[in-house]
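Step one of this worksheet: look at the structure below.
Numbers restart at 1 for each chain; the letters A, B, ... are given by sequence-line order, proteins then strands.
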There are 2 protein chains.
Amino acid sequence: MVAALAGVSRSTVSRVVNDAPNVDPDIVKSVQSAISTLNYIPNRAARSLASRRTNSVAVVVPESTSKVFADPFFATLVESIAQTLVETKYTLNLIVSSEARPEKTRSYLLGGNVDGALVVSHHSGDHSWTRISDSLPVVFAGRPFRGEGDSYYVEVNNQAAAARAAQHLVDAGRTSIATIAGPQDMYPGVDRLRGWETALRSARLDTSLVEVGDFTQASGREAMRRLLDRGQRIDGLFAANDQMAAGACSVLTDRNIRIPADIAVVGFDDDSFATSVTPALTTIHHPIVEMGHRMAEILLALIEGEPADRVNLLPTSLVVRDSA
Amino acid sequence: MVAALAGVSRSTVSRVVNDAPNVDPDIVKSVQSAISTLNYIPNRAARSLASRRTNSVAVVVPESTSKVFADPFFATLVESIAQTLVETKYTLNLIVSSEARPEKTRSYLLGGNVDGALVVSHHSGDHSWTRISDSLPVVFAGRPFRGEGDSYYVEVNNQAAAARAAQHLVDAGRTSIATIAGPQDMYPGVDRLRGWETALRSARLDTSLVEVGDFTQASGREAMRRLLDRGQRIDGLFAANDQMAAGACSVLTDRNIRIPADIAVVGFDDDSFATSVTPALTTIHHPIVEMGHRMAEILLALIEGEPADRVNLLPTSLVVRDSA
DNA sequence: TTGTACGCGTTATCAT
DNA sequence: ATGATAACGCGTACAA
């Protein structure tokens with residue numbers, strides 16, 4: 001450590017760099033000036049090796065979602081996490097987790113590369129690497145399918161929110177309400193379907209108008225076509241996210257079905273799709289940005305050894321626009 | 001290194017892990033089995049410290065673009081880079097570079113954290129950290145404003161492509177062609193404006209219908225309003241990217257100006273905005289995905305000490321849809 | 001082909 | 001409050 005040439009020992013320099021207490025103010029100054037004149041930059045590898053901390057956290061995103069950032073949910077969430085971390089000393093390591101080689105992700109996370117991980121995927125795939133929570137602090141976006149008992153996660157009450165959305169349609173006098181559900185191998189898909197069902201049940205309405213999509217706009221279009229092709233009357237639609245709702249709307253518009261006059265539409269997420277579509281979507285506001293903040297906050301707390309709540313529920317709200 | 005308990009010395013284990021040549025096949029096997037039974041994962045910090053290589057590369061994105069991933073250009077580029085890197089041994093470190101504290105980015109890049117950097121921003125801000133190309137392999141997305149002589153970058157011929165777009169309007173018989181230009185402090189903004197000018201000049205058309213935006217949809221809307229408020233006749237528009245074109249289209253539609261009947265519109269990028277707008281945009285296809293691939297390829301080559309071209313031009317093409 | 005021994009740059013422990 | 005010194009876990013000459 002050449003900076004020691006500026007008068008003191010390496011230990012003292014180390015103390016200054018990590019602004020430890022009990023350092024003579026004068027020495028601090030002289031060391032700092034030495035540092036800047038020598039353009040000294042601490043080597044991270046050495047620091048990590050000695051301190052067993054890396055000052056970086058992993059953000060694990062699914063590769064399967066072929067275009068992760070085309071999905072406003074992922075894009076906004078990652079963005080939000082990045083913005084939160086930039087304020088801290090931690091660096092973000094983006095791990096695209098290929099379902100093909102889960103060991104790569106696993107060994108990365110366990111190889112001492114990061115102090116913690118934020119898992120942004122919530123599919124119920126193999127996820128052998130989900131079993132790492134004991135060796136490494138991990139926070140999930142949404143209740144994970146496995147080990148939900150001992151995992152930290154932040155999410156919204158999908159079922160209640162979906163019920164609220166469906167209830168909005170019921171309150172508007174709609175009596176034949178369909179839904180385009182999300183994938184049934186992840187909780188948001190399951191819970192939002194369940195919420196729609198409970199609202200319709202308590203209104204004694206038919207709950208058979210269900211088609212499943214995969215949260216993409218294209219799947220929303222296809223699901224809408226299948227619903228219409230059933231030949232049954234439909235005057236209300238709840239889509240499990242705005243992307244699918246947008247897809248459905250384009251099909252409705254193509255077939256000259258008026259929104260909301262003929263079919264009222266409610267989405268979920270309140271993302272960019274909600275307002276880019278005509279008419280603007282009535283939808284459930286999903287606090288994605290807040291979600292990213294909280295995830296990062298909780299992870300940092302865990303890393304620092306502070307306690308944190310395992311379950312973190314964020315509030316949602318119904319945003320009424322023009323489609324319902 | 002506990003794996004040495006499986007028969008041999010640590011050096012041999014190291015050789016096996018880094019699959020060095022001249023290792024007895026039998027020993028390789030026994031070591032590998034020992035590795036898997038012991039769940040041994042090499043510690044990266046130690047490895048980096050000893051080998052002076054980190055097996056990770058930085059992707060520097062601007063924080064200023066408040067929502068980086070809301071911009072299809074950045075989102076697609078980062079996505080593409082991520083997909084390319086996942087096939088390699090390199091890990092992606094996402095650095096959101098705050099213009100407020102450029103030293104943070106600089107010291108990160110120079111602190112031995114990464115083997116190279118991909119710079120995805122091309123603003124002409126302070127960028128004191130641009131001066132790192134000598135200490136670290138760096139590849140830029142688009143010709144950097146400074147030190148373009150000795151930098152590696154991949155881009156398209158913005159001027160020629162813009163000229164082609166404007167020429168398309170000229171060929172369609174449009175005689176009063178406006179443009180919504182990009183920021184004039186970055187080359188894509190400057191070059192696309194210049195291309196539009198040259199095409200109009202050689203057709204002896206007026207080149208005064210210029211308004212400048214910042215590549216966002218909102219700025220496109222405002223610029224379009226300013227253009228219309230000039231009171232001059234306009235029958236053609238070239239926007240420097242699809243987002244601004246989309247913004248302009250929404251204003252035109254609001255004012256009951258038909259596209260392309262009254263005003264033909266040509267965009268630039270061929271991103272998701274181009275097809276989400278009605279009518280679908282005629283635009284310049286910008287090979288963003290290919291760009292990410294090439295950037296990563298070149299960076300890896302540089303890291304490996306292989307030679308690479310400093311200037312890498314990718315081809316564009318005119319995509320004719322419904323707006324012009 | 002394999003093992004020995006040293007060094008990578010920093011933090012942590014223990015004296016002082 | 002400061003300085004010596006031993007780890008940290010691995011790569012890699014060099015020797016065998």
Quiz prompt | Distance below 4.0 Å between B:Ser14 side-chain N/O and D:dC10 OP1 or OP2 | solution = no
Self-check item: Approximate separation, where rounding is to 0.5 Å, of B:Ser56 OG and A:Leu94 CG
Solution: 12.5 Å
Quiz prompt | Close side-chain approach of B:Val119 and B:Val138, heavy atoms under 4.5 Å | solution = yes
Quiz prompt | Short side-chain donor-acceptor distance under 3.5 Å, A:Asn158 and A:Arg143 | solution = no
Quiz item: Can you tell me how far the CZ atom of B:Arg44 sits from the OG1 atom of B:Thr54, to the nearest 0.5 Å?
Solution: 6.0 Å
Quiz item: Do the side-chain N or O atoms of B:Arg47 get closer than 4.0 angstrom to the phosphate oxygens (OP1, OP2) of D:dG11?
Solution: yes
Quiz prompt | Residue pair A:Thr91, A:Leu85: steps toward the side chain to side chain contact (heavy atoms under 4.5 Å, CB included) verdict | solution = CA-CA 7 Å; A:Thr91 279; A:Leu85 289 179; over 6 Å; no
Practice problem: Would you mind telling me which of D:dG3, C:dT10, D:dC10 lies closest to the side-chain atoms of A:Ala50? | Solution: C:dT10
Quiz item: Is there a residue in residues 19-27 of chain A whose heavy atoms reach under 4.0 Å of DNA chain D, and which residues are they?
Solution: A:Asn22, A:Val23, A:Asp24, A:Ile27
Practice problem: Kindly point out which of C:dT10, C:dG9, C:dA12 is positioned nearest to the side chain of A:Tyr40? | Solution: C:dT10
Self-check item: CA sep, side-chain torsions, deciding dist, call: A:Phe69, B:Thr76, side chain to side chain contact (heavy atoms under 4.5 Å, CB included)
Solution: CA-CA 7 Å; A:Phe69 296 126; B:Thr76 306; over 6 Å; no
Practice problem: Write down the distance between CD1 (B:Ile35) and P (D:dC10), rounded to a whole number of angstrom. | Solution: 10 Å
Quiz item: Going by atom types alone, do A:Asp309 and A:Tyr152 pair a side-chain donor with an acceptor below 3.5 Å?
Solution: no
Exercise. Measure up the B:His286 and B:Phe73 rings against each other and bin them: parallel (under 30°), tilted (30 to 60°), perpendicular (over 60°).
Key: tilted
Self-check item: 5' precedence on DNA chain C between A:Ser11 and B:Arg15 (nearest-nucleotide basis)
Solution: B:Arg15
Quiz item: If you check the B:Arg10 side chain, which of D:dG3, C:dG3, C:dC6 turns out closest?
Solution: C:dC6
Exercise. Give the nucleotide from the list D:dT12, D:dA4, C:dC6 with an atom nearest to the side chain of A:Ser9.
Key: D:dA4
Self-check item: Inter-end axis angle, the helix from C:dT1-D:dA16 to C:dT16-D:dA1, with every axis fitted to five base pairs (rounded, 10 degrees)
Solution: 30°
Quiz item: Would you say B:Ser151 and B:Phe140 make side-chain contact, with heavy atoms under 4.5 Å?
Solution: yes
Exercise. Return the value, rounded to whole Å, for the distance between atom CG of B:Asn43 and atom P of C:dC8.
Key: 18 Å
Exercise. In whole angstrom, give the distance that lies between atom CG of B:Asn18 and atom P of D:dC10.
Key: 11 Å
Quiz item: B:Asn113 has an atom CG; how far is it from atom P of C:dG9, in whole Å?
Solution: 14 Å
Practice problem: Take atom CG of A:Leu49 and atom C1' of C:dA12, then tell me their distance rounded to the nearest Å. | Solution: 13 Å
Quiz item: What integer distance in Å separates A:Arg53:CZ from D:dC8:C1'?
Solution: 15 Å
